[in-house]
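In each ligand, atom 1 is the first atom listed, and ligand 1 is the first ligand listed.
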Amino acid sequence: MTDRKILVASNRGPVSFVPDDGGELQPRRGAGGLVTALTGAVQATGGLWVASAMSSHDRAVATSTPSGRLDVIVDDSKHAIRLLSVEPEEYDRFYNGVSNHLLWFLHHALWDLPVTPSFDHDTRRDWEAYRMVNQVFGKALAEEIDRSPADVLIQDYHLSLAPAVLRSLAPQARIAYFHHIPFAGTPQFSLVPSWMRRELVIGLLGADLLGFQSARWGDAFLAACRGVEGTTVDARRRTVRWEDRVVHVGTYPISVDAASIQQLAESPEVRAKRARLEERLNGRRMLLRVDRTEPSKNILRGFEAFAAFLRAYPGWRSRVTFLALLNPSRQRVPEYRAYVARCREEVDRINEEFGEPGWQPIELSIHDDFEEVVAAYCLYDALLVNSILDGMNLVCKEGPLVNDRHGVLLLSRTTGAFDELGRHAVPVAPLDIVATGDALNGALRMPPAERARRAAALRRVAAASTPADWVERQLRDLDRAAAPEA
Ligand code: G6P
């Protein structure tokens, strides 16, 4: 680990604020291994995490101190954070307009091209807000570096322009950026107006090290650089020369925190939920999916594939339940609301067509309950991860860590996770509903010895490294990339 301070920058920070019963704002810690790993690195080096004030409650806290810097204690752990606050309308344009809409859809190939998107005046207005928020981040990071030298770890597509802003203000800064999602392929990226493409690429090239979940996404970024004048790409070394610097492109597949999920699976709360779920299943096999309500997860085609499976293999009717545990997400984006409505309609239609007394083919639940998710992970016979495009996908790593039934993983070839887990999974072509239905039949009929062998291999791979290793690998490579002769 570096002896320099670590500054993390991300849109969503490790802590958010919510009012308690008395109306007093209380900090709440974000879930997940990534927050734990990055928080650990910040704490160990006496660093700081810079994040957006995302809600009115966060903004109230942020504006209560002149710098937005706070030391917050949550669950006995101290978080040094700096919350950056902008006007709500500007934030909405930055977060919903550009990050969640334009960039998320671009990088996940979600555009309905005959109809959307159109780059109009409103897009330009949104883009100005995106630029402005990235400048606010770049400036805040430069101020922090000025106070004491630090390695900067910038997280994700919300902050694509921040590396170049920071570089212009602090030329000696040591900057790593990590892109958690896919990077748009050439046909899609070439449809973006050239000025915006240039800003995105050059924004990222402000870093010394650019990390991706899979070499595929790094390749797509290198291809995007080739379309921007003034850059020189060395595909073999995976570097890009821009101005007088060399930027390194690396692959750092993210891991899950195996120990904490396994511990949670043993908790009385999860055991109780597991017992209730087993009762509900009543001896039936379980197909499981766990996702945010996110169009790129391909939830709708997953249901259609299940219907194709019940049609093609009627012997399975009333013997399998498809449990879909969805976590509500981004309901301010109209496409997401419409998508959830279509998913619900499809589930109703399939349950109507195939349901029998005492058997509802699909059980859909849309709420946030991670204990229930872990209980379901323990019990699935098959886990469906059929994302259209997914930077990594963590569900397919979490499930096998705690599953007790030698459950089979059906995994889309177009997830980053496929690089590591693909050979132990049943591969899925995400748009092919018939083949996905057939793959499900194959998974449920797989001989027990093969199921056991694959499940053990999945578990081994998923537990092989920790989120802390993921941070460590980037810091090590940043050290090399930022060295003067790199
Ligand atoms: C997913 C992606 C992350 C992204 C996050 C943003 O988890 O994999 O890369 O940062 O969504 O979600 P949010 O709820 O903060 O918009």
Side-chain angles (χ1 to χ4, degrees), residues 8-18 28-38 49-55 58 81 83-84 91-110 126 130 133-134 137 153-160 162 177-184 204 210-214 217 221 252-257 290-299 326-337 339-340 366-368 370 373 385 387-398 412 414-417 467 470-471 474:
V8 173
S10 64
N11 174 52
R12 187 179 290 280
V15 174
S16 60
F17 291 85
V18 276
R28 192 177 281 173
R29 186 188 175 286
L34 176 65
V35 172
T36 310
L38 290 171
W49 191 320
V50 181
S52 292
M54 292 184 71
S55 66
D58 290 355
I81 58 173
L83 288 180
L84 304 177
Y91 186 77
D92 183 60
R93 288 180 179 278
F94 153 81
Y95 179 57
N96 288 310
V98 175
S99 304
N100 288 348
H101 206 237
L102 182 60
L103 294 180
W104 184 273
F105 279 56
L106 163 68
H107 289 308
H108 288 88
L110 292 177
D126 287 351
Y130 183 75
V133 173
N134 273 265
F137 267 88
L153 302 180
I154 299 178
Q155 307 301 305
D156 233 355
Y157 57 99
H158 314 86
L159 300 180
S160 311
Y177 165 94
F178 191 80
H179 195 77
H180 289 259
I181 63 175
F183 197 90
L204 292 172
L210 294 170
F212 294 88
Q213 304 273 24
S214 159
W217 317 135
F221 173 73
Y252 309 93
I254 204 165
S255 326
V256 293
D257 187 349
V290 172
D291 285 300
R292 290 186 296 111
T293 54
E294 164 58 59
S296 66
K297 302 293 180 186
N298 209 17
I299 299 163
L326 306 183
N327 190 350
S329 180
R330 300 188 190 157
Q331 290 300 293
R332 296 205 53 188
V333 180
E335 283 88 345
Y336 280 61
R337 285 199 301 275
Y339 188 70
V340 172
I366 305 186
H367 66 252
D368 183 3
F370 193 60
V373 164
V385 176
S387 315
I388 297 168
L389 285 176
D390 214 328
M392 170 53 67
N393 191 281
L394 295 181
V395 167
C396 60
K397 293 190 170 184
E398 289 172 350
S412 163
T414 46
T415 57
W470 172 82
V471 175
Q474 289 172 76

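- With 3.5 Å as the limit, one finds no donor-acceptor pair spanning the side chains of Ser16 and Asp58.
- Ring geometry for Phe183 against Phe212 counts as perpendicular: the plane angle is over 60°, on a 0 to 90° scale with 30° as the lower cut.
- For Tyr336 and Tyr339, the ring centers sit 6.0 Å or farther from each other.
- Residues Tyr91 and Asn11 bring a donor and an acceptor atom of their side chains to less than 3.5 Å of each other.
- Note on ring orientation: taking the six-membered ring where Trp is involved, the planes of Trp470 and His180 are tilted (angle from 30° to 60°).
- Within 4.0 Å of ligand 1, protein heavy atoms belong to Arg12, Tyr95, Asn100, Trp104, Asp156, Tyr157, His158, His180, Ile181, Arg292, Arg330, listed by chain and number.
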Full working for side chain to side chain contact (heavy atoms under 4.5 Å, CB included) between His108 and Glu294: CA-CA 11 Å; His108 288 88; Glu294 164 58 59; 5.6 Å; no

